[in-house]
Amino acid sequence: MAQQQQQLCSSPFLKPFFLKAPVSVSGRGRQRRHTLPASEFRNLTPQDAISVFEIEREAFVSVSGECPLTLEEVLHFLRLCPELSLGWFEEGQLVAFVIGSGWDKERLAQEALMTHVPDTPTVHIHVLSVHRQCRQQGKGSILLWRYLQYLRCLPGLRRALLVCEEFLVPFYRKAGFKEKGASAIAVGSLSFVEMEYPLGGSAFERRNSGC
């Protein structure tokens, strides 16, 4: 556990970074560059659960009528395995998040929806969501990439699994996931495709970590 905590603290994918943009200001005919407040990526805590659930509820209920995780389930995973979550905060406000848990079988099963198996090589990604005011800005893709590279820094992890509806398959395929076929998981009348992402290799080979 101590080794894992040290690994987490040293991960570049949890460190704050700065978004910079030129801003035109009047006076003396010059332009100055202003630095926007830092955006921070960090593991979520139970104190973040309400913000997580509010973003999730707004994102999913209007589309499918179902939330992937209830508030109680969000708290359940943030207490059991906060190290498998990642939140994106801007000026201290949560704008996007992803929550995962450990899994120990080749394919996801219905019980995976509420299960965390510690010390396993597989992460089950339960939900990724972006605040409604921050959509259509590429934040979902950036957060997913940083999360996957962060997982690469955790010892022992070899792959990530998730299930999604058919219309989201191209999004996850573009991020490097491969289809494993129809999922055994069902929620009400919804059916899903199971997808897999290999976590082997260097975290720095795919993309500049500065986003």
Hey, does [Y] have a side-chain heavy atom less than 4.5 Å from the side chain of [X]?
X	Y	value
His131	Leu94	no
Cys164	Phe192	no
Phe97	Val127	yes
Val193	Glu165	no
Ile142	Lys139	no
Thr115	Val117	yes
Val95	Cys134	yes
Thr45	Pro82	no

Donor-acceptor pair, distance only, cut-off 3.5 Å: does the side chain of [X] make one with the backbone of [Y]?
X	Y	answer
Ser85	Leu44	yes
Ser183	Val163	no
Tyr147	Leu84	yes
Glu194	Leu108	yes
Glu56	Leu69	yes
His76	Met114	yes
His116	Gly102	yes
Thr120	Trp103	yes

task = Look at the rings of Tyr172 and Phe177 and say which category their plane angle falls in: under 30° parallel, 30 to 60° tilted, over 60° perpendicular.
result =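 If you compare the ring of Tyr172 with that of Phe177, the planes turn out perpendicular.
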Looking only at heavy atoms, which two atoms of [X] and [Y] are closest? And how far apart?
X	Y	result
Leu128	Gly140	CD1-O, 4.0 Å
Val123	Gly100	CG1-CA, 4.3 Å
Gln110	Ile185	OE1-CA, 3.3 Å
Leu161	Lys180	CD2-CD, 3.8 Å
Ala160	Ile125	CB-CD1, 4.1 Å
Asn43	Leu86	N-CD1, 4.4 Å

Roughly how far, to the nearest 0.5 Å, is [atom2] of [Y] from [atom1] of [X]?
X	Y	atom1	atom2	result
Arg146	Leu151	CZ	CG	13.0 Å
Trp88	Gln93	CH2	CD	15.0 Å
Ser39	Leu143	OG	CG	11.5 Å
Leu168	Phe171	CG	CZ	8.0 Å
Thr122	Lys105	OG1	NZ	11.0 Å

task = Applying side-chain contact (heavy atoms from CB on, under 4.5 Å), run through Ile99 and Leu78 and close with a yes or a no.
result = CA-CA 8 Å; Ile99 292 177; Leu78 295 188; 4.2 Å; yes
inquiry  = Using ring centroids (six-membered ring only for Trp), state whether Phe77 and His126 fall under 6.0 Å.
reply    =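 Close enough - the centres of the two rings lie under 6.0 Å apart.
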Counting only heavy atoms not in [X], do more than 12 sit closer than 6.0 Å to its [atom1] atom?
X	atom1	answer
Arg158	CZ	no
Lys178	NZ	no
Gln136	CD	no

key: Pair Glu54 + Arg132: basic N to acidic O under 4.0 Å   =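 Salt bridge between Glu54 and Arg132, a charged N being under 4.0 Å from a carboxylate O: no.
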Salt bridge flag under 4.0 Å for residues Arg107 and Glu196 =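 No, no charged N to carboxylate O under 4.0 Å.
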ask   = Does NZ or CZ of Arg159 lie under 6.0 Å from the centre of the six-membered ring of Tyr197, at an angle within 45° of the ring axis?
value =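 No, Arg159 does not sit over the ring of Tyr197.
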task = Report yes or no: do Leu75 and Leu80 belong to one cluster of Ile/Leu/Val/Met/Phe/Trp/Tyr joined by side chain heavy-atom distances under 4.5 Å?
result =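 Result: no, two separate clusters.
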inquiry  = Hydrogens and angles aside, do Gln149 and Arg152 bring a side-chain donor and acceptor to less than 3.5 Å of each other?
reply    =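 Yes.
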